[in-house]
Amino acid sequence: MHRTLFNDLVELCRILERTRSRTEKIALLVRFLDKLGEDEVIPAVRILSGKLLPEYSSRSLEVGITLIRRVLRTLPDRGLILEHRPMTILEVYELLNRIAKACGEGSRKRKERLLTALLTRLSNTEREYVLRSIFGEMRIGVSTGLLLEAIARLTGSSIECVKRAYMYTPDIGELASIAKINGIDGLRRTTLSLFRPIRPMLAEICYSIREALRELGSIVAFEYKYDGVRIQVHKKNKKVRIYTRRLSDITEGIPELVEIVLDNIKCDEIILDGELVGYIDNKPVRFQDLMRRFRREKLSKDLGSMNLLPYFFDVLYYNGRVLTDISYENRWGILEKVVDEGILANRIVTKDMNAAKDFLKRAEEEGHEGLMAKRLDSIYTPGVRAKTWLKIKKAITIDLVIVGAEWGHGRRSRWLSNYYLAVWNDSNDEFLVVGKTFKGLTDEEFEEMTKRLLKLKVGETERVIWVKPKIVVEVAFNEVQRSPKYKSGYALRFARITRIRYDKSPEEVTTLRELGRIYEEQFKRKARLNK
DNA sequence: GTAGAGAATCTTC
DNA sequence: TTCTGACAGATTCGG
DNA sequence: CCGAATCTGTCAGAAGAAGATTCTCTAC
C-alpha cells in the first residue's frame, strides 16, 4: 500500500497557503487526493481541514494553547535529534489519535509526553502545520467548500452530487474516503438514516420583516425564533436519541425530554429538528441560565424548577421516508399531524407585513429571540446556510468608549483589531469594561483606528495596549449578560461595532446605571433565577 | 489520603 | 454566534 | 457588439460571551 510522507502534506499546505486562486487550489487538492492510498484519505483530509476528530465523536484532543506552549518550551533542539526517518501521514495521525484517547488521571501528562514525542520527530515546518491542525485553524484558504469541489473533480461527479452526499455524511474525511474508494456510486448511496445525526440547516441573517418578504416571495412562513439550544431528535418506537447542532448525543442528560417525545409524538420512526428552551413560571429563561441546566449531571436547587420544553419546526424523516427533498410546506403538513401542538413551533403563514410585524412583537413580548422566515417551497439542506431561511432578531445599540485594544492575527496582524469596550460608571468616576469586539469595522477603518489608538496609548500589559478613553463607538448587541469576569458585572452578547461616533465624546457614553436598566428590563419577559 | 480551589479545555450561542 | 473581504461567475454598461 | 465595470453568491477567516467538566495542585 502506498505510504505518503507527512511532509508531502505539509508541502501541499504551504503551496495552498500561497495560492490565491480558488480554481488552482482545487486542482492542487485533486492531484494530491488522487495520489493518496485509500487508507490515507481520512487522516490526510482530517489533518488538512483542521478537523482531526469528526464532530459526532465523543472524544476530543484536549490540547490547548497552554499545553502546546509548555511542550514547545521543553522541546529538544532540532539539531540534536538522531532519528531522521521522516514520518508518514498515517504515523502522525496515529499519534494524534493516541493523544485524543488519553483520559483519566495523569492524562494531561500523557498527552504532553505524546505531543512532545510527535513534535520531536518533525521538522520546524511540519510542527507548525501539525499545531495549526490541532487548533483547527489551518489558515491555508481551504475548508469544506473547496474540498467538496475537489472531491467532485476527483470522482468526476457533479458538485451538487457531492454536496448532497456531504449533507448526510457527518465528516468530510469520511466523505473523501467514500469518494476515493467507491466513486460516484458511493456518493449517491449516502442517505439519511435513523440514529446517524446530520448537521442542521442554518439560516441567514435578515434585518427586517420587509426584507424577508421581499427575499422570500409573496407569501412567507414566520416561526418564533426561540432562544435555546438546537436539537435533533431521532425516534424509533420506544428508542429516542437527542443530538446537538454539532452532532453530539446528549440524550442521557435530559431524560425528561425523552419522556416528552414519547408522550407527544405518535409515530414509529421520525427525525425532528427543533429548539430546546428552558421555562420557569411560564417565562423562558435566559440562554445563560439554560446553559446551567443543559446537560448537567447534578441539579442544584434553584434549577429544579426549570422545565425543558422542545419546539419542533421541521421533520426530516418519517416512517422510512426521507423528507429533506420535499417542500417546507409539505414537511410542515406531516409535522403538524404527528407532533402535538404544544411542542410545535408557533407559526403563521402570511403575505401581510403588518400581520408579520405583530407576530414578531408577540414573539418578543413572550421573551423569545425574534422570528424565522422561511420560503414555503424550500427544501431542507443539512449543514447549509441557505437564503431560504432568514432569521430576524432585534438588536440594541448603545455608545461605548474604547479603553484598550489587542493586535490582530493573520490578515489583521498589522492592526489593533480587537477592542475593549467600556461604559461610564457615574457613581465612581471610572470606565468599566463590558466586553470585547472585533466585528464591524472595515479594513480601512481598522487601519485608521490603529493609528488613532496608538496615539492614545497610556500603557501596555502582556497583549493589550491600554488607551486614553477618547474614541466612542456605537455598538449593537443582542442581550446583556451577567459577567463573572468583568468588574462591571455585565457583558454584552454578540457585540459588534456599527458606527464610529466622531461626534460623541467619552462623557456621553452609556452609563453603568443605564446598562443595568437594560439588564433589568430583560426580566420583564425572561424568567429570573436567584443568582 | 482527600477536599476544595484553580487551570485548562470544550460546548453552546 | 456576527461581520468583512476575496474570488469567480453572471450581468449590465459604455463606446 | 464586445470588453470593462459592477453585481451576486459562496467561501474563508477574523474573534466574542458564559458555564460545565475534567484534571492537577495545594493544604491539611
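Each chain gets a letter, A, B and so on, in the order the sequences are listed, and its residues count up from 1.
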Under a 3.5 Å cutoff, is there a donor and acceptor pairing between the side chains of A:Glu275 and A:Tyr224?
no
Counting only side-chain nitrogens and oxygens, does A:Asn418 get under 4.0 Å of the OP1 or OP2 atom of D:dG16?
yes
Whole-Å gap separating P (D:dA14) and CD1 (A:Ile140)
12 Å
Which nucleotide in the set D:dA14, D:dC11, B:dC13 lies at the smallest distance from any side-chain heavy atom of A:Lys163?
D:dC11
Ignoring the backbone of A:Arg385, work out which of C:dA6, B:dC13, C:dT2 is nearest its side chain.
C:dT2
Nucleotide of D:dA12, B:dC13, B:dC10 approaching A:Ser143 most closely (side-chain heavy atoms):
D:dA12
Mapping A:Thr23 and A:Arg245 to their closest nucleotides on DNA chain C, which lands nearer the 5' end?
A:Arg245
So that I know where these two stand, are A:Trp389 and A:Tyr328 an aromatic pair - ring centroids less than 6.0 Å apart?
no
Salt bridge (Lys or Arg N to Asp or Glu O under 4.0 Å) partners of residues 488-498 of chain A, not counting sequence neighbours, each pair once:
A:Asp227-A:Arg493, A:Glu479-A:Arg493
Selection: residues 101-117 of chain A, any non-hydrogen atom under 4.0 Å of DNA chain C
none
Could you tell me whether A:Arg22 contacts a base, only the sugar-phosphate backbone, or nothing, with contacts defined as non-hydrogen atoms closer than 4.0 Å?
base
side-chain N/O A:Lys387 vs D:dT10 OP1/OP2, d < 4.0 Å:
yes
Side-chain N,O (A:Lys439) to OP1/OP2 (D:dA14) below 4.0 Å:
no
A:Phe494-A:Phe477 aromatic ring centre distance below 6.0 Å
no
Does the side chain of A:Asn478 come within less than 4.5 Å of A:Lys393's, by heavy atoms?
yes
From the candidates C:dT2, B:dC13, C:dG5, the one with an atom nearest any side-chain atom of A:Arg230 is B:dC13
As a test of reading the structure: which of B:dC10, B:dC13, D:dG19 is closest to the side chain of A:Gln288, going by heavy atoms?
D:dG19
Name the nucleic acid region contacted by A:Arg411, choosing base, sugar-phosphate or nothing; use a 4.0 angstrom heavy-atom cut-off, strictly under.
sugar-phosphate
On DNA chain B, does the nearest nucleotide to A:Ile68 precede the nearest nucleotide to A:Leu247 from the 5' side, or the other way round? Give the residue.
A:Ile68
Between D:dA15 and A:His409, is there an OP1 or OP2 to side-chain N/O distance shorter than 4.0 Å?
yes
Could you tell me how far apart A:Glu149 (CD) and D:dA12 (P) are, to the nearest whole angstrom?
10 Å
Any side-chain N or O of A:Lys393 under 4.0 Å from OP1/OP2 of C:dT2?
yes
Mapping A:Glu275 and A:Leu67 to their closest nucleotides on DNA chain B, which lands nearer the 5' end?
A:Leu67
Counting side-chain heavy atoms from C-beta on, which of B:dC10, D:dA15, D:dA17 comes nearest to A:Ser417?
D:dA15
Nearest listed nucleotide, side chain of A:Tyr207, among B:dA8, C:dC3, D:dG19
C:dC3
Regarding A:Asp273 and A:Gln232, do their side chains bring together a donor and an acceptor under 3.5 Å, going by distance alone?
no
Without hydrogens or angle criteria, can the side chains of A:Thr169 and A:Glu174 be said to hold a donor-acceptor pair below 3.5 Å?
no
Using a cut-off of strictly less than 4.0 Å, decide whether A:Arg493 has a side-chain nitrogen or oxygen near OP1 or OP2 of D:dA17.
no
Which nucleotide in D:dA17, B:dT12, C:dT2 has an atom nearest any side-chain atom of A:Tyr486
D:dA17
Out of C:dG5, D:dT10, C:dT1, which has the shortest distance to the side chain of A:Thr442?
C:dG5
Which residue, A:Arg20 or A:Arg412, contacts DNA chain C at a nucleotide closer to its 5' end, judged by nearest heavy atom?
A:Arg412
Less than 4.0 angstrom from a charged side-chain N to a carboxylate O is my criterion; do A:Arg132 and A:Glu137 meet it?
no
Over how many whole Å does the gap from A:Asp289 atom CG to D:dA20 atom C1' extend?
14 Å
What nucleic acid atoms does A:Ala491 come within less than 4.0 Å of, heavy atoms only: base, sugar-phosphate, or nothing?
sugar-phosphate
Between atom CD in A:Glu160 and atom C1' in D:dT10, what is the gap in whole Å?
13 Å
Considering only side-chain heavy atoms of A:Phe494, which listed nucleotide, D:dA18, C:dT1, D:dG9, is closest?
C:dT1
Got A:Arg528 and A:Glu520 here, is their nearest side-chain heavy-atom distance under 4.5 Å?
yes
